[in-house]
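Have a look at the structure below, then the notes.
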Amino acid sequence: MSQESSGKRVKTPESLRSARWFAPDDLRSFGHRSRAMQMGYGPEDWVGKPVIGIVNTWSDINPCHSHFKHRVEDVKRGVLQAGGFPIELPALSLAEQYVKPTTMLYRNLLAMDVEELLRCHPIDGVVLMGGCDKTTPALLMGATSAGLPSIYVPAGPMLRGNWHGKVLGSGSDAWKYWDDRRAGLINQKDWIEIEGGIARSHGTCMTMGTASTMTAIAEALGMTLPGASSIPAPDSNHLRMSAESGRRIVDMVWEDLTPNKIQTHAAFENAIAVAMAMGCSTNAIIHVIAQAKRAGCDIGLEDFDRFSRFVPVIANVRPSGDQYLMEDFFYAGGLPGLMTRIKQHLHLDTLTVTGKTLGENIEGAAVYNDDVIRPIDNPIYAEGALAVLKGNLAPDGCVIKPSACPPHLHRHTGPALVFDDYPSMKAVIDRDDLDVTADHVLILRNAGPQGGPGMPEWGMLPMPKKLLKQGVRDMLRMSDSRMSGTSYGACVLHISPESFVGGPLALVKTGDMISVDVPARTINLDISEEEFARRKAAWKAPEPKYERGYGWMFSKHIQQANEGCDFDFLRTDFGKAVPEPDIY
Ligand code: FES
């Protein structure tokens, strides 16, 4: 049965949530009205009009969202045009490049920020403005838990980078030229020019990193207007999409089109199919699992592995692709174009923010460049972007991105070279006397959700300088951390359970043989069960990282990577639903 929205008004002005604040003839509502008037508003602003919260993750230190300071005015324009009352609500900004130790430590804090902002204010519907990596899942997780009609406005990718006529891609080219510099192939002058050319405009990373992956997922879920996620940030289409989102959310309030009607199990399967076809960031797994669990949908690692076996990578965008960036992807037809190519793997009857189905939204969409968005029979990579491995080294699973690592490392056995933490690895990795060969398996532990803490993006361990000088550019690397979506290489990530809580990674010793077989989806440590048990019995838990504050709460309640790294107390099945405020 089609889940198409009736598009009918089911809400009346009296049944609006905000009417509880503004309508009653009592002292409390007097206070709400008089204070709104203090800001220059009058009854004509709020009587009978939905109040639209605009959660804006702009900040002076978030270059990916710098345009949101002004773009919010386009959203407000749309809200006003459609007869709503726009209210901007600033939220935690989470700039990927600046927040230390990692934005992942704060994804759930932003999700809580959003949920509580919406719950405690007189808001009827919300426009969510985000895009830089963790902001997309965080905003959607918070809005999903709040349960109000919600629409997502992605920040949009920045323009292509440029240096000496060469196209530069966020992250990917930084890693590449950094390795060249360490190998003595790039001088200081070139390096500074690359610094100035790699990020030419506001907007999110324009490779297929976590930002582009997660905004595409938001669109595939049905939480953005069609095509919204591909529009480059400086493009005038982005201003018009922002205004249109403002207009649309007003109608969504009247239609009572809440996230639970859009974010169904089928919608999450669409998100996974799209993620695979895009050659997505490995971070997508953690975020989508967390988002799905907030929506009450049972999505796990096995769903990603299942889709990865039959959905090919068709977006020829770096780092899985060899040439193009998100700007090219937009000109080639963007996400609606890509979705027409994988229609057979999508549930076309899922409902979206437009009130129409996904199938209706992509009707008439086209691809304008077959090299950027490949036909399904001429993919970049025949299988999906991600593979989930399990074995005695990762009983609860781990992840590798086969499309971004050389085929000869898809099956590999080699001796472990173990680093107990990031500083100890960094201290020796460039030493000429490091006992390492291209056959070694580099292992970094204590870099997971609790050990990092916050699972930093350390998973693309630097290649040892000694090997770089020999011309070796990739080797098998493993950790319980994550990897930037713009990174590449034979990196096994998210090993669960993590070493900090006693997962098997904690028991590996330098020289142990490790085997990875991507086609067979296995990862194993080659020691006897008796030796395994002996090491386990001798293992001592490390000291806790935090003894107070947010970090303490994080350590107590963070779940493992295979569960999406949400806080346990934010699960939908954790206790009774949060009541609406009953004192207005
Ligand atoms: Fe913001 Fe990459 S740093 S999207």
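Indexing begins at 1, ligand by ligand and atom by atom, following the structure's order.
- Rounded to 10°, the angle formed at atom 1 (Fe) of ligand 1 by SG of C132 and SG of C64 is 110°.
- Aromatic ring centroids of Y422 and W458 lie under 6.0 Å apart.
- Between Y550 and Y106, the two ring planes are parallel [angle under 30°; tilted spans 30° to 60°].
- For the pair M158/T204, no side-chain contact is recorded, criterion being any heavy-atom separation below 4.5 Å from C-beta on.
- Of all protein heavy atoms, the one lying nearest to atom 2 (Fe) of ligand 1 is C205 SG, 2.1 Å.
- Remark: ligand 1 atoms within the under-4.0 Å shell around heavy atoms of A211 are 4 (S).
- The contact set between ligand 1 and Q97, taken as ligand atoms under 4.0 Å from a residue heavy atom, comprises 3 (S).
- Heavy-atom proximity to E96, at under 4.0 Å, picks out these atoms of ligand 1: 3 (S).
- In this structure, H67 has its ring center under 6.0 Å from that of H238.
- Atom numbering of ligand 1 starts at 1 in the shown order; those under 4.0 Å from a heavy atom of D133 are 2 (Fe), 4 (S).
- Counting heavy atoms from C-beta on, the side chains of I285 and L386 come closer than 4.5 Å.
- Checked against Y324 for a side-chain hydrogen bond (donor to acceptor under 3.5 Å, both in side chains), the options T207, D371, N369 give a single hit: D371.
- Distances below 4.0 Å separate heavy atoms of T204 from the following atoms of ligand 1: 4 (S).
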